[in-house]
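Only one structure is covered here, and it is reproduced in the block below.
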Amino acid sequence: MASDIGGQARRGAFEGAAIGRGVYVISVAAELAGMHPQTLRVYERRGLLEPNRTGGGSRRYSEHDLERLRRIAELTDAGLNIEGVRRVIELEAEVAELRAELERERELARLREKEIHRHYRRDLVPLSQAVVHVKTTQIRR
């Protein structure tokens, strides 16, 4: 039982490292994605996928690549052809980038607003401390 827990911890650490780094060989990546290895090669030739390469030129797939393969499978199952899949993936990436930019701009606007309000608070002087006192009769004119 204890050795199994250690094995799970090691697998978890390995999978965490695999998110951005290519660690899976093509046969393992194909099995994990539920595809034939040749399909992965086709997707790479068509520009849908770009796995990392070892010094010797062997493909290494990351967890990110596997997520992309699963998304490609969803889109092809929905009836899209390879070009349609490529366009949808490009548009999804563009939308994600624009959303991130929008969130950065919103945060910047919030910070600017807070800074402006801080200046207002410093500039305000209570009426009792004002240098010039205004009589209510002067205001009514």
Side-chain angles (χ1 to χ4, degrees), residues 1-136 138-141:
M1 209 54 164
S3 63
D4 185 47
I5 293 171
Q8 288 176 348
R10 281 191 300 278
R11 281 192 301 276
F14 179 75
E15 289 169 1
I19 289 174
R21 193 170 59 94
V23 294
Y24 302 111
V25 295
I26 192 167
S27 59
V28 173
E31 185 175 333
L32 290 171
M35 300 176 179
H36 192 277
Q38 191 60 35
T39 304
L40 275 61
R41 292 183 186 98
V42 169
Y43 290 160
E44 183 182 356
R45 276 195 304 274
R46 298 285 181 94
L48 293 176
L49 193 62
E50 192 174 333
N52 296 317
R53 297 283 183 154
T54 63
S58 298
R59 293 171 179 87
R60 292 293 186 265
Y61 295 87
S62 66
E63 191 62 38
H64 176 74
D65 293 327
L66 295 177
E67 290 171 13
R68 188 175 185 112
L69 286 167
R70 292 179 191 113
R71 181 65 180 139
I72 292 168
E74 288 174 9
L75 294 170
T76 56
D77 289 347
L80 272 69
N81 63 17
I82 298 295
E83 189 55 38
V85 168
R86 179 190 347 271
R87 189 68 183 131
V88 166
I89 288 174
E90 285 173 1
L91 289 171
E92 287 174 341
E94 186 177 342
V95 166
E97 185 179 317
L98 290 171
R99 283 183 176 159
E101 182 181 341
L102 179 60
E103 188 52 41
R104 286 190 303 271
E105 292 297 325
R106 283 180 174 159
E107 182 59 28
L108 185 58
R110 282 190 286 271
L111 292 173
R112 287 179 181 158
E113 182 181 21
K114 285 180 182 179
E115 185 64 27
I116 288 169
H117 287 296
R118 267 192 293 253
H119 288 304
Y120 284 161
R121 291 186 189 126
R122 255 186 266 146
D123 294 343
L124 294 178
V125 177
L127 187 58
S128 63
Q129 295 177 2
V131 176
V132 177
H133 291 282
V134 179
K135 293 181 182 179
T136 56
Q138 290 178 333
I139 296 174
R140 290 187 183 152
R141 280 192 194 181

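Asp77 places no side-chain N or O within donor-acceptor distance of the main-chain N or O of Glu74, the cut-off being under 3.5 Å.
The shortest non-hydrogen separation linking Arg60 to Pro51 is O-CB, 3.6 Å. Minimum heavy-atom separation, Ala73 to Met35: CB-CE, 3.7 Å. Listed here is the closest heavy atom pair of Pro37 and Ser27: CG-CA, 4.5 Å. For the pair Leu40 and Ala30, the tightest heavy-atom approach, listed with the atom from each and the gap, is CD2-N, 3.9 Å. The two residues Leu32 and Arg70 have their closest heavy-atom pair at O-NH2, 3.7 Å.
Residues Arg53 and Arg59 form a side-chain contact, since some pair of their non-hydrogen atoms from C-beta on lies under 4.5 Å apart. Between Tyr43 and Arg68 the shortest side-chain heavy-atom distance does not fall below 4.5 Å. Residues Tyr61 and Leu49 form a side-chain contact, since some pair of their non-hydrogen atoms from C-beta on lies under 4.5 Å apart.
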Test side-chain contact (heavy atoms from CB on, under 4.5 Å) applied to Glu63 and Leu66, step by step: CA-CA 5 Å; Glu63 191 62 38; Leu66 295 177; 3.8 Å; yes

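With values rounded to the nearest 0.5 angstrom, Leu69 atom CG is found 10.0 Å from His64 atom NE2. For the atom pair CD1 of Ile72 and CG of Leu48, the computed distance is 4.5 Å after rounding to the nearest 0.5 Å. Annotation: the span from Arg106 atom CZ to Arg99 atom CZ amounts to 10.5 Å, rounded to 0.5 Å. The CD atom of Glu103 sits 13.5 Å away from the CG atom of Leu98 when rounded to the nearest 0.5 Å. Atom CD1 of residue Ile116 and atom CG of residue Leu111 lie 11.0 Å apart, to the nearest 0.5 angstrom.
Annotation: side chain to side chain contact (heavy atoms under 4.5 Å, CB included) contacts of Glu105 (sequence neighbours excluded): Leu108.
Salt bridge present: Glu107 and Arg110 bring a charged side-chain N and a carboxylate O closer than 4.0 Å.
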Throw together a table of side-chain donor-acceptor distances under 3.5 angstrom for residues 84-95, partners on residues two or more places apart or in other chains.
{"unit_1": "Arg86", "atom_1": "NE", "unit_2": "Glu83", "atom_2": "OE1", "d": "3.1"}
{"unit_1": "Arg86", "atom_1": "NH1", "unit_2": "Arg46", "atom_2": "O", "d": "2.2"}
{"unit_1": "Arg86", "atom_1": "NH2", "unit_2": "Arg46", "atom_2": "O", "d": "3.3"}
{"unit_1": "Arg86", "atom_1": "NH2", "unit_2": "Glu83", "atom_2": "OE1", "d": "3.0"}
{"unit_1": "Arg87", "atom_1": "NH1", "unit_2": "Glu90", "atom_2": "OE1", "d": "3.2"}
{"unit_1": "Glu92", "atom_1": "OE1", "unit_2": "Arg71", "atom_2": "NE", "d": "3.3"}
{"unit_1": "Glu92", "atom_1": "OE2", "unit_2": "Arg71", "atom_2": "NE", "d": "3.1"}
{"unit_1": "Glu92", "atom_1": "OE2", "unit_2": "Arg71", "atom_2": "NH2", "d": "2.4"}

